[in-house]
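Notes follow the structure.
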There are 2 protein chains.
Amino acid sequence: MTDDIDQVLITALMDDSRLSLKALAQISGLSSPSVAERLRRLEERGVLKGYTVEIDPKCFGYQLQAIVRIRPLPGQLQEVERQIQAIPEFTECDKVTGDDCFIARLHVRSMEQLDTLLDRLNTHAETNTAIVKKTPVKRRLPPMA
Amino acid sequence: MTDDIDQVLITALMDDSRLSLKALAQISGLSSPSVAERLRRLEERGVLKGYTVEIDPKCFGYQLQAIVRIRPLPGQLQEVERQIQAIPEFTECDKVTGDDCFIARLHVRSMEQLDTLLDRLNTHAETNTAIVKKTPVKRRLPPMA
DNA sequence: AGCACTTGGTCGATGTCATCGGTCATGGTG
DNA sequence: CACCATGACCGATGACATCGACCAAGTGCT
């Protein structure tokens, strides 16, 4: 289904998604029309879900990053989910098994803002916040083999 | 420093990082050389850290995704950090304040694999695992304003 | 076995795009 | 006020993506 060449293409694009078809052709040993066709198929099959960009939140003043575990109060699950989605400083959120219903990543400019945002949640949920000190593993791909 | 046009460019690239300079020019109302120059500056200043691709781990058999909180045993912090980095199924990991030293995202193909991988960590750390059921907020940008 | 069909590739022509040098308007500064 | 730095535009040129025509290899059917 996805062969070695597809993996080479994906790995190359993971590194730099603006690579030209010609460059991808050289890397993979195919011609550029073939590469274009392969990318089209990978997109079609939903393997390649999108081309995006990595930005540095610090450049917009987001000095702090936190992982917040969120346990809604009884009957408040829907409301809490809606609130998380509505607060744009939550840049990702998973709904998980276990006591903590949600685990979310939060970017804030200051401790004060952290406090303000969490207070809004605290009327509907208990939260547990861990400040990110370092990121030993940056977003990467699991092995494709 | 980063003005409205830069934000438009970043937002557009977040959606589709393979947009041509010409397309970005139309979106932003500039000429393509100007767009190229702005991107160059954004990269130079480290605002734009990279162009990447979003892939679907399910297409490679990763049916399960878990958030793992990891608390190293006394004296094992370095070793645990090295181990996490060495296990490619950990696709992201933050070192945080609080009792849990690390919070990591893990992709596995089966419960059995989950068990195997966590056992390797459990000789050096206590872990707490939450299976991802749903992702109410997909990776997005915090407000730039 | 042989033939037709499908799949995935190349090649070459054409039109689109990125890039580079030159130019100009603007705003801040000595 | 004059100067310089910045950030934009334009036009020419070379690089690139795209499209159609063609080809080779594997598959299944008679």
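These figures come from a predicted structure and were not determined experimentally. The analysis underlying the following values was restricted to heavy atoms, covering all of them including side chains, and did not include hydrogens, waters or symmetry mates. Labels below follow one simple rule: chain letters A, B, ... track the order of the sequence lines, proteins then strands, and each chain is numbered from 1.
- Among the atoms of the strands shown, only primed sugar atoms or phosphate atoms (P, OP1, OP2) are found under 4.0 Å from some heavy atom of R41(B).
- Within a 6.0 Å radius of NZ in K58(B), other residues, nucleotides and ligands contribute 12 heavy atoms or fewer.
- Distance from the side chain of S34(B) is smallest to dC9(D) among dC16(D), dC9(D), dA18(C).
- What separates CG of L19(B) from P of dA18(C) is a distance of 10 Å, to the nearest Å.
- Counted by atom type alone, S17(A) and S17(B) present one or more donor-acceptor pairs between their side chains at under 3.5 Å.
- Between R45(B) and D56(A) there is no salt bridge, since no side-chain N of the basic residue sits under 4.0 Å from a carboxylate O of the acidic one.
- Distance L24(B) CG to dT16(C) C1': 16 Å, rounded to the nearest Å.
- Closest approach to the P33(A) side chain among dA8(D), dC19(D), dT19(C) is made by dC19(D) (side chain taken as heavy atoms from C-beta onward).
- Salt-bridge check for R69(B) with D100(A): passed, with a basic side-chain N closer than 4.0 Å to an acidic carboxylate O.
- With dA8(D), dA17(D), dT19(C) as the candidates, the nucleotide lying closest to the side chain of L30(B) is dA8(D).
- At whole-Å resolution of the value, CD in E37(A) and P in dT6(C) are 16 Å apart.
- Considering only side-chain atoms of R38(B), the nucleotide from dT19(C), dG7(D), dC16(D) that sits closest is dG7(D).
- Looking at R120(B) and D115(B), no side-chain N of the basic residue comes within less than 4.0 Å of a carboxylate O on the acidic one, giving no salt bridge.
- For the pair L39(B) CG and dG7(D) P, the interatomic distance rounds to 14 Å; values are reported in whole Å.
- Rounded to whole Å, atom C1' of dT19(C) lies 15 Å from atom NZ of K22(B).
- To the nearest angstrom, P of dC16(D) lies 13 Å from CD1 of I27(A).
- At the heavy-atom level, S20(A) lies under 4.0 Å from the strands shown only through sugar-phosphate atoms.
- Atom CD1 of I5(A) is separated from atom P of dT7(C) by 18 Å (rounded to the nearest Å).
- Atom CG of L21(A) is separated from atom P of dT16(C) by 17 Å (rounded to the nearest Å).
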